[in-house]
Amino acid sequence: MFSLREPLPATLMSRPGGEAERRWLPKRLRGTAPIAITETMCAHTNKPDHPQLRTLMTAEFVALVEAVHPRAFVEIAADKLYLYIGGGVDLASPTLWRNTAALADWLAPRLVMSPNVERKVSGSVV
């Protein structure tokens, strides 16, 4: 879970017609049509033209999410961004954590950062 600097419209980004879309689509988004982001990811949202949301509905963001796990999907609920991974995950995998860190670094400008935590971004501590 990531805490966003500002609330965004309810959104689910997942594989078109995939398990996440069938099982996890919030009731408030059930009447929305999927919006293609890439061939492998679509978004359900009731405000597709929201400017800050559009910055997440990009091929670059999708590539980072899918690098964490091929069956990963994202739910945005107000000021929270949830990254879900369908199926089993090897928590001992250095690739999982390296790709999760890359996703967090990309999201960093949009996130609330605790003043008590040092965060390594692009090789330097901030």
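The structure displayed is predicted, hence computed values, not measured ones.
At least one side-chain heavy atom of L56 sits under 4.5 Å from a side-chain heavy atom of R110. In this structure the side chain of N46 reaches within 4.5 angstrom of the side chain of L29, judged on heavy atoms.
Although no hydrogens or angles enter the test, the distance criterion places a donor-acceptor pair under 3.5 Å between the side chain of R5 and the main chain of P109. A donor-acceptor pair under 3.5 Å is formed between the side chain of R15 and the backbone N or O of P70.
Each of I76 and V112 belongs to its own hydrophobic cluster when Ile, Leu, Val, Met, Phe, Trp and Tyr are linked at side-chain heavy-atom distances under 4.5 angstrom.
The distance from atom CG of D49 to atom CD1 of I35, rounded to the nearest 0.5 Å, is 8.0 Å. With rounding to the nearest 0.5 angstrom, the CG atom of L81 is 8.0 Å from the CG atom of L8.
Under the side-chain hydrogen bond (donor to acceptor under 3.5 Å, both in side chains) criterion, R98 pairs with T95, sequence neighbours left out. Partners of D90 according to the side-chain contact (heavy atoms from CB on, under 4.5 Å) rule, which considers only residues two or more places apart in sequence or in another chain, are A92, S93. In this view, T58 satisfies the side-chain hydrogen bond (donor to acceptor under 3.5 Å, both in side chains) rule with no residue, not counting sequence neighbours. Applying the side-chain hydrogen bond (donor to acceptor under 3.5 Å, both in side chains) criterion to T11, with sequence neighbours excluded, gives T45. Taking the side-chain contact (heavy atoms from CB on, under 4.5 Å) definition, one finds that R54 meets it with M57, sequence neighbours left out.
The ring pair (Phe, Tyr, Trp, His ring centres under 6.0 Å) contacts involving residues 47-66 comprise F61-W106, where partners must be two or more places apart or lie in separate chains. Under the side-chain hydrogen bond (donor to acceptor under 3.5 Å, both in side chains) criterion, the residue pairs touching residues 74-85 are S3-K80, E75-Y84, with sequence neighbours excluded.
The shortest heavy-atom contact between L12 and P26 is CB-CD, 4.5 Å. Looking at every heavy atom in both residues, L83 comes nearest to A72 through CD1-CB, 4.1 Å. Taking all atoms of both residues into account, the shortest heavy-atom contact from A104 to L111 is O-CD1, 4.2 Å.
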Listed pairs under 3.5 Å, donor-acceptor, residues 36-44 side chains, sequence neighbours left out:
{"from": "T38", "atom 1": "OG1", "to": "T40", "atom 2": "N", "distance (Å)": "3.2"}
{"from": "T38", "atom 1": "OG1", "to": "T40", "atom 2": "OG1", "distance (Å)": "3.2"}
{"from": "T38", "atom 1": "OG1", "to": "M41", "atom 2": "N", "distance (Å)": "3.2"}
{"from": "T40", "atom 1": "OG1", "to": "E66", "atom 2": "OE1", "distance (Å)": "3.2"}
{"from": "T40", "atom 1": "OG1", "to": "E66", "atom 2": "OE2", "distance (Å)": "2.6"}
{"from": "H44", "atom 1": "ND1", "to": "T32", "atom 2": "O", "distance (Å)": "3.2"}
{"from": "H44", "atom 1": "ND1", "to": "T32", "atom 2": "OG1", "distance (Å)": "3.2"}
{"from": "H44", "atom 1": "NE2", "to": "E21", "atom 2": "OE2", "distance (Å)": "2.7"}

